[in-house]
Amino acid sequence: MRLKCRVEYDGTHYAGYQIQPNGNTVQAELEKALAKMHKGEKVKVTASGRTDSGVHAKGQIIHFDTNLSIPPHNWKRALDSMLPQDIHIAEAEEAAADFHARYDTIGKEYRYFVWNSREPDIFRRHYTTHIKFPLNVEAMKKACRLIEGEHDFTSFCSSRTDLKGSKVRTIHRASIEQEGAELVFIFKGSGFLYNMVRILVGTLLEVGRGERHPDELQAVLEAREREAAGKTAPPHGLFLWKVDY
């Protein structure tokens, strides 16, 4: 049976989602729990994509195959009992035998949280980026409109991105919602390049500070050079919010 699960995790204490030689990861914890349930047998978990160290998820999707005769509706509770408290199986269901968490993806939504106040909120420090200086939210919203649509996002991806693949992506929504001191940057698109959302946010924050005019985003896109865009925003404000299939 192939299981599909929606996983939530607090990435604060993990070296990212994907297994790596140094540092604990979310994938390692998931596979460790599954190995216990399968009496030591290794079970590979496939995710919709990786997240970096410190990045969180509300809607990470995984799949794995199992020969255990546990009803699908019991998998959520069974797996949760084996996982640390900062990883939670929000949903679990049987999937088609050919379902693939990564290759069947048609879109994703990321959200980035900013706490815009002179005073920090220490209880949000792991989940928002604190910006002390005032931000021009309307200017950032104007810049967001230039991001929407199909573009080559070479300027907004890390140098660690695969150089061979296309950098063209379609952003269906780029917007900012504000509630008090909290700003939420929302990006929905067909797909995202490595560090793309964090670089977009870093560039928009420069617009908000008055260091760039909103219309400059068009020139940044056309430059197709990483140096044309702003700094990469810190990881802890970023959430993988939803994956579409």
Side-chain angles (χ1 to χ4, degrees), residues 1-20 24-35 37-38 42-68 70-113 127 161-162 165 169-173 184-198 235-245:
M1 180 170 62
R2 178 156 291 190
L3 267 293
K4 172 189 175 185
C5 300
R6 179 169 67 86
V7 185
E8 299 177 342
Y9 52 85
D10 176 346
T12 303
H13 301 296
Y14 294 97
Y17 170 81
Q18 191 173 35
I19 285 178
Q20 52 188 278
N24 194 23
T25 66
V26 177
Q27 183 183 5
E29 289 292 345
L30 289 166
E31 293 189 357
K32 192 188 304 180
L34 285 167
M37 295 179 67
H38 290 77
K42 180 174 172 57
V43 177
K44 184 183 177 184
V45 172
T46 300
S48 67
R50 64 184 183 182
T51 53
D52 282 344
S53 176
V55 175
H56 317 289
K58 285 280 287 183
Q60 176 70 280
I61 302 297
I62 64 168
H63 83 253
F64 60 89
D65 295 325
T66 179
N67 54 14
L68 298 182
I70 300 174
H73 62 273
N74 286 343
W75 270 96
K76 171 178 153 58
R77 182 167 53 85
L79 256 182
D80 253 359
S81 69
M82 300 279 185
L83 289 167
Q85 292 185 336
D86 49 9
I87 303 175
H88 169 58
I89 305 298
E91 298 174 10
E93 62 182 358
E94 184 174 1
D98 62 349
F99 170 77
H100 199 284
R102 180 181 176 190
Y103 297 133
D104 290 351
T105 302
I106 60 171
K108 290 182 179 180
E109 176 180 340
Y110 284 91
R111 296 192 178 193
Y112 194 97
F113 292 78
Y127 315 107
T161 304
D162 179 11
R169 298 292 186 273
T170 301
I171 299 299
H172 305 299
R173 177 187 178 187
V184 186
F185 294 72
I186 301 172
F187 302 93
K188 293 183 178 180
S190 61
F192 294 85
L193 301 165
Y194 185 56
N195 278 354
M196 179 173 156
V197 174
R198 290 168 58 193
H236 58 272
L238 182 60
F239 287 72
L240 171 56
W241 201 258
K242 189 173 185 290
V243 182
D244 295 318
Y245 293 92

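Residues Y194 and D52 have side chains that bring a donor and an acceptor to within less than 3.5 angstrom of each other.
Ring geometry for F239 versus H56: interplanar angle of 30 to 60°, hence tilted. Taking the six-membered ring where the residue is Trp, F192 and Y110 present perpendicular rings, their angle passing 60° and hence far from 30°.
When the shell of 6.0 Å around NZ of K76 is examined, it contains more than 12 heavy atoms from other residues, nucleotides or ligands.
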Under 3.5 Å, which donor-acceptor pairs do the side chains of residues 59-68 form with other protein atoms, sequence neighbours left out?
residue, atom, partner, partner atom, Å
Q60, OE1, S48, N, 3.4
Q60, OE1, S48, OG, 2.5
Q60, NE2, Y9, OH, 3.4
Q60, NE2, G49, O, 2.8
H63, ND1, A101, N, 3.0
D65, OD1, R2, NE, 2.7
D65, OD1, R2, NH2, 3.4
D65, OD2, R2, NH2, 2.8
T66, OG1, H38, NE2, 2.7
T66, OG1, L68, N, 3.0

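Panel note: side chain W75, backbone I70; a donor-acceptor pair is recorded below 3.5 Å. In this structure, the side chain of S53 engages the main chain of Y14 through a donor-acceptor pair within 3.5 Å. A donor-acceptor contact shorter than 3.5 Å links the side chain of D80 to the backbone of I89.
With sequence neighbours left out, Y245 forms a ring-ring contact (aromatic ring centres under 6.0 Å, His included) with F99. The salt bridge (Lys or Arg N to Asp or Glu O under 4.0 Å) search around K4 returns E93, not counting sequence neighbours. Listed by chain and number, the residues in a ring-ring contact (aromatic ring centres under 6.0 Å, His included) with F187 amount to none (sequence neighbours excluded). Partners of K242 according to the side chain to side chain contact (heavy atoms under 4.5 Å, CB included) rule, which considers only residues two or more places apart in sequence or in another chain, are E109, D244.
A salt bridge links K42 with E31: at least one charged nitrogen is closer than 4.0 Å to a carboxylate oxygen.
Screening residues 97-107 for side chain to side chain donor-acceptor pair (under 3.5 Å) gives no qualifying pairs among residues at least two apart or on separate chains.
The only member of E29, Q27, R50 that meets side chain to side chain contact (heavy atoms under 4.5 Å, CB included) when paired with I19 is Q27.
Nearest approach of R198 to P235, heavy atoms of both residues: NH2-CD, 3.5 Å. Of all the heavy atoms in L240 and V243, the pair that sits closest is CD1-CG2, 4.2 Å.
Remark: I87 CD1 to D10 CG distance equals 9.5 Å, nearest 0.5 Å.
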